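See below for the structure under consideration.
So you know, we letter chains A, B, ... as the sequences are listed, proteins then strands, and number each from 1. Everything quoted here is computed from the prediction, not taken from an experiment.
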There are 2 protein chains.
Amino acid sequence: MKLKDQNTESTILEAARFIFMEKGLYGARMQDIANKAGINKALLHYYFRNKERLFDEVFGGALSRYFKNMDIISDESISIKERILTYSDRFIKFLSDYPQMSIFLIKEISSNEELFHAKVKGLKKNEKQSILNVLIEGIQSGEIPDQDPVIFLMNLQSLCAYPFVASPIFNAICQNSGIQWTDEQHAKLLYSVHEFIHFKLSKSDL
Amino acid sequence: MKLKDQNTESTILEAARFIFMEKGLYGARMQDIANKAGINKALLHYYFRNKERLFDEVFGGALSRYFKNMDIISDESISIKERILTYSDRFIKFLSDYPQMSIFLIKEISSNEELFHAKVKGLKKNEKQSILNVLIEGIQSGEIPDQDPVIFLMNLQSLCAYPFVASPIFNAICQNSGIQWTDEQHAKLLYSVHEFIHFKLSKSDL
DNA sequence: ACTTTTGTTAACCATTTGGTTAAACCATGA
DNA sequence: TCATGGTTTAACCAAATGGTTAACAAAAGT
């Protein structure tokens, strides 16, 4: 009976992820999730005691995947600049795979900052070697040009993430000009991010 | 009776703005808005027929302010690069004044794209001279270097807006390193955006 | 003064929604 | 085969919530 168990549980999680992503914690209805999963609503409560817990499962999963994917800059066998390039690649790849993820995170975190902070602490245990620390070390050792690492990181994440976060807005803004923000643009986006990294991390002035 | 009228109406709108900003359309409760405004719940329905209309008022107001503020790039008496610089300044200034605005827009637009598109059409009537068109013309006339204008605009908006959108996330990410994203950073942010504009819009290779 | 219009409220209603219960279902091992 | 225990469901419940009503208060018009 464990197979069936596993099955419905993951089915529920998938449905919940879909609905929560679209509607957020408040907007999502347990009935919608049940319908999406093709099961009775009571079964949701059988597997996950209540809405809060079900949401935590989805939310925690999303965050976990997010951080796991960003855990690459720890590889000290390659140069910092290469690591940053890879970091941005994977970041954009991740967001391409889960386009609603960033919107979802923004939504939920902004309306429930406490819960988020708690969750983060639980998931980011081993990441002493964060990208920020890598940048700081790189600047101190002179491997990359001197600059404000927080601003650089913010700029980098902005260039990568905002296109996904704001694609609905951007489409609306662009549509007057007959231009759309489509998936084709991702390659170009990647290129422009790389260009930015080269611009900020190259020691050309030696 | 017009004074009193005006008063409560704006009081309600203010309260509604506050609550809607924080909770979104679904999360906001009419009772919360009434409490915040210090009036009876029924009065909300007296001034604004229902939740939807009240929300529309707030939402429309936010969008209107947003677009009005971005309507500056039409001034052809100054160079395109200068206009873009001013554009980014005002954009960041606007977001500094209304920090939750972008999160609010992201939230609502992502979960109700149709409504947004309709609203936008009503508000962006005279903006044939959009920033995108300015960029395209500038590239054609050779005033600014040849590049993909959509990517440039997206990059620009990313650098400006994402720090506000993602400040909750970013704080959580940074707090391990003991660094915070505070208001002090806005000046630095502005500088980095200007640097980016100079990088992308200067015809240094002549 | 008194009638009419506008503003405001308490009490109420219908629906939605998260959550519970008790019974049915069904695979498995004795 | 039938007892057992995990799984699933229909029916139900209580609270929350958007919205309405009817009565009252306060201006404004006459």
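- Rounded to an integer number of Å, the gap from Glu52(A) CD to dT17(C) P is 17 Å.
- Heavy atoms of Leu44(A) sit nowhere under 4.0 angstrom from any nucleic acid atom.
- Both Lys41(A) and Tyr46(A) lie near DNA chain D, and the one whose nearest nucleotide falls closer to the 5' end is Tyr46(A).
- Asn50(B) comes within 4.0 angstrom of the backbone, heavy atoms only, and of no base.
- Taking CD1 of Ile33(A) as the start and NZ of Lys41(A) as the end, the distance is 11.5 Å to the nearest 0.5 Å.
- Within the structure, salt bridge (charged side-chain N to carboxylate O under 4.0 Å, His left out) contacts touching residues 145-170 of chain A (residues at least two apart or in different chains) are Asp148(A)-Lys188(B).
- For dA16(D), the OP1/OP2 oxygens have no side-chain nitrogen or oxygen of Arg29(B) closer than 4.0 Å.
- Residue Glu14(B) places its CD atom among 12 or fewer non-hydrogen atoms of other residues, nucleotides or ligands, all under 6.0 Å distant.
- Taking every side-chain heavy atom of His45(B) into account, dG19(D) is the closest of dG19(D), dT9(D), dG18(C).
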Enumerate all atom pairs, one protein N or O and one N or O from nucleotides 21-23 of chain C, separated by less than 3.5 Å.
none

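- Ring planes of Phe199(B) and Phe199(A): parallel class, angle under 30° (limits at 30 and 60°).
- Between Thr8(A) and the phosphate of dT8(D), there is a side-chain N or O to OP1/OP2 separation shorter than 4.0 Å.
- Counting to the nearest Å, the C1' atom of dT9(D) and the CD1 atom of Ile12(A) are 13 Å from each other.
- The two residues Ile19(B) and Ala28(B) come nearest to each other via the heavy atoms CG2-CB, 3.6 Å.
- Ala15(A) and Lys36(A) get closest at one heavy-atom pair: CB-CG, 3.6 Å.
- Across all strands shown, Ala28(A) has heavy atoms under 4.0 Å from sugar-phosphate atoms exclusively, and none from any base.
- To the nearest angstrom, C1' of dT20(C) lies 18 Å from CZ of Phe48(A).
- Separating the CD1 atom of Ile33(B) from the P atom of dG18(D) is a distance of 8 Å, rounded to the nearest angstrom.
- To the nearest angstrom, C1' of dG19(C) lies 14 Å from CG of Leu43(A).
- For the pair Ile197(B) and Ser88(B), the tightest heavy-atom approach, listed with the atom from each and the gap, is CD1-OG, 3.6 Å.
- A 6.0 Å sphere centred on OH of Tyr191(B) holds no more than 12 heavy atoms belonging to other residues, nucleotides or ligands.
- For Met30(A), the side-chain atoms get nearest to dG18(C) when compared with the rest of dT8(C), dT9(C), dG18(C).
- Rounded to 10°, the helix from dA1(C)-dT30(D) to dA30(C)-dT1(D) has 20° between the axis fitted to its first five pairs and the one fitted to its last five.
- Rounded to whole angstrom, the span from the OH atom of Tyr47(A) across to the P atom of dG19(C) amounts to 18 Å.
- Between Asn40(A) atom CG and dA24(C) atom P the separation is 15 Å, expressed in whole Å.
- For the residue pair Leu44(A) and Met30(A), the shortest heavy atom distance occurs at CD1-O, 3.2 Å.
- Between Asp32(A) atom CG and dT16(C) atom C1' the separation is 11 Å, expressed in whole Å.
- The backbone N or O of Phe152(A) lies less than 3.5 Å from no partner atom in the side chain of Gln147(A), so there is not a single donor-acceptor pair.
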